[in-house]
Amino acid sequence: MAAAMKVVCMMFLVAIFHKHHAHGAISADTQKLIDEANMNGPYLGLLIPNLFEMNPLLQHPNYTSSNFTIDIAGRRFRFGKFVEKNVILVMTGLSMINAGITSQLLLTLFKIEGVVHYGIAGNANPSLHIGFVTIPQYWSHSALWSWQRYGYGPSDELPLEPNGDYTRNIGYIKFADYAENVTACNSHDNLLNNVWFQPEEVFPVDGTPEQRQHAFWIPVDPLYFNISKSLEDMELENCVNATTCLDETPRVVQVHRGTSAGIYVDNAAYRSFIYKKFNVSPVDMESAAVALICMQQRVPFIIIRALSDLAGGGSAESNEIDTFISLASNNSVNVVVEFIKRLVSDH
């Protein structure tokens, strides 16, 4: 009798543990919801940085909500359909870390056939304008640095470079090149010296665990990129209201590169540097994290970013993010919806 009671107590404790799970674990109830959701997969995953970028999509006439959500690790995964395509929407939150965590959760927990990441971005390309929707072919994380000791230069080896930890192959920014009022200084030098851009260490699912590879420019899926070419004829919003319109009519453009960092770029000198150095157009704080996770998980992805401001100012429309943020968000959403339509029709 005592043994039987002990078994019953143990079963009760196990049930309580599953019901009130430890921090970081997934409860049995949540796992059941995940399993049920995956029975209706695969899904197209839509990763969105913020609510102001997600709400226009939730309100879009082509979106049908299933009224089914799963909350995990501070994220809410919303289930629905776009033109008969099963989708999961989830807000990542601001920054590379949030975007990376949310991307990994999405791909680990659910059956995902592809990922679309979209939102607004700053602009580094002087030939583009506010409201334009950019679709880069490559993305990089441009804030993994090796900050070089003062007095050292391009010919000096970086610490741990012989081990393959760091490299001088990608390039650097020299702070002294951006100094002003230094005519009295013969050396025109700067104690901040040089910052060398570094590739990410990556561990693809089809690679060998604990054997790193390196990646700086991450290509989007070639099929998705090819489909997006047909979006360049779309008409986009041009006016916020009857009195506030853009001088240049926005359009969809495929561009060569975009870059991300945990930095809000509002500096014209740095904007000019990264454009000339890397030929980037959109500049944001999340996309490269999505790209790096999808690349390592071998899941096709594409990233669509509408330009909301010229980073750092310098034009009549520069830094008008407060004025044109809703227009940029709506344009990005409309392009995403059209992309999904054409993705469905091509399959």
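Here the structure is a predicted model, which is why all the values come from computation and not from measurement.
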Which is it for Y63 and H60 under the ring-ring contact (aromatic ring centres under 6.0 Å, His included) test, yes or no, and what are the steps along the way? CA-CA 6 Å; Y63 175 65; H60 197 280; 9.1 Å; no
Common cluster, V344/V333, ILVMFWY with side-chain heavy-atom separation under 4.5 Å: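 V344 and V333: one cluster.
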Quick check: is I88 connected to V337 through a chain of hydrophobic side chains (ILVMFWY, heavy atoms under 4.5 Å apart)?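 V337 clusters together with I88.
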side-chain contact (heavy atoms from CB on, under 4.5 Å), that's the test. Do V280 and N125 meet it? Break it down for me. CA-CA 7 Å; V280 298; N125 186 338; over 6 Å; no
Between Y118 and F339, is the ring centroid distance below 6.0 Å?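 Between Y118 and F339, the centre distance exceeds or equals 6.0 Å.
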Using a cut-off of 6.0 Å, state whether more than 12 heavy atoms not belonging to [X] lie near its atom [atom1].
{"X": "F52", "atom1": "CZ", "value": "yes"}
{"X": "I97", "atom1": "CD1", "value": "no"}
{"X": "F278", "atom1": "CZ", "value": "yes"}
{"X": "E157", "atom1": "CD", "value": "yes"}

With heavy-atom distances below 4.5 Å as the criterion, would you say the side chains of [X] and [Y] are in contact?
{"X": "S332", "Y": "V335", "value": "no"}
{"X": "E237", "Y": "N334", "value": "yes"}
{"X": "I340", "Y": "L44", "value": "yes"}
{"X": "N98", "Y": "S95", "value": "yes"}
{"X": "V202", "Y": "H214", "value": "no"}
{"X": "S103", "Y": "V115", "value": "no"}
{"X": "V195", "Y": "F175", "value": "yes"}
{"X": "P222", "Y": "N226", "value": "no"}

For a quick test of reading the model, state the closest non-hydrogen atom pair linking [X] to [Y] and the distance between them.
{"X": "N163", "Y": "R212", "value": "O-NH2, 3.0 Å"}
{"X": "F110", "Y": "A37", "value": "CE2-CB, 4.4 Å"}
{"X": "P282", "Y": "A121", "value": "CB-CB, 3.9 Å"}
{"X": "L310", "Y": "R271", "value": "CG-NH1, 3.4 Å"}
{"X": "L51", "Y": "P56", "value": "O-CD, 4.4 Å"}
{"X": "L327", "Y": "L246", "value": "CD2-CD1, 3.9 Å"}

Does one side chain, of [X] or [Y], offer a donor that lies under 3.5 Å from an acceptor on the other?
{"X": "R305", "Y": "T134", "result": "no"}
{"X": "D35", "Y": "Q31", "result": "yes"}
{"X": "T243", "Y": "N241", "result": "yes"}
{"X": "T259", "Y": "S142", "result": "yes"}

Flag, side chain of [X] to backbone of [Y], donor-acceptor distance under 3.5 Å:
{"X": "Q137", "Y": "Q254", "answer": "no"}
{"X": "S66", "Y": "F79", "answer": "yes"}
{"X": "S230", "Y": "I227", "answer": "yes"}
{"X": "E36", "Y": "L33", "answer": "no"}
{"X": "N123", "Y": "L307", "answer": "no"}
{"X": "D221", "Y": "Y224", "answer": "yes"}
{"X": "N194", "Y": "Y172", "answer": "no"}
{"X": "W147", "Y": "L192", "answer": "yes"}
{"X": "Q198", "Y": "T167", "answer": "yes"}
{"X": "S272", "Y": "A268", "answer": "no"}

Residues H256, Y138; criterion ring-ring contact (aromatic ring centres under 6.0 Å, His included); working and verdict: CA-CA 6 Å; H256 188 41; Y138 297 91; 5.5 Å; yes
Working note: E113 + K85, criterion salt bridge (charged side-chain N to carboxylate O under 4.0 Å, His left out); need CA distance, chi angles, decisive distance, verdict. CA-CA 11 Å; E113 64 181 51; K85 172 67 73 175; 2.6 Å; yes
Start with the C-alpha gap between Y166 and W196, add the side-chain angles, then the distance that decides, and say whether side-chain contact (heavy atoms from CB on, under 4.5 Å) holds. CA-CA 9 Å; Y166 298 100; W196 291 84; over 6 Å; no
Hey, mind stepping through R75 and M91 against side-chain contact (heavy atoms from CB on, under 4.5 Å) and telling me if it holds? CA-CA 7 Å; R75 272 71 180 177; M91 191 191 84; over 6 Å; no
Keeping to residues at least two apart or across chains, list the side chain to side chain donor-acceptor pair (under 3.5 Å) pairs with something in residues 44-59.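 Only N50-E53 qualify under side chain to side chain donor-acceptor pair (under 3.5 Å).
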Keeping to residues at least two apart or across chains, list the side chain to side chain donor-acceptor pair (under 3.5 Å) pairs with something in residues 290-303.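 For residues 290-303, and leaving out neighbouring residues, the side chain to side chain donor-acceptor pair (under 3.5 Å) pairs sorted by first residue read D206-R298.
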Plane angle bin for F273 and Y178 - parallel if under 30°, tilted between 30 and 60°, otherwise perpendicular: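 The rings of Y178 and F273 stand perpendicular, inter-plane angle above 60°.
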Please say whether the positively charged group of R257, taken as NZ for Lys or CZ for Arg, lies over the ring of W217, i.e. under 6.0 angstrom from the six-membered ring centre and within 45 degrees of the axis.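 Pair R257/W217 counts as cation-pi.
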Can you list the steps and then say if L94 with M285 is a side-chain contact (heavy atoms from CB on, under 4.5 Å)? CA-CA 7 Å; L94 183 76; M285 300 174 69; 3.8 Å; yes
Salt bridge (charged side-chain N to carboxylate O under 4.0 Å, His left out) for E232 and R251? Distances and angles first, verdict last. CA-CA 7 Å; E232 292 185 330; R251 53 191 173 88; over 6 Å; no
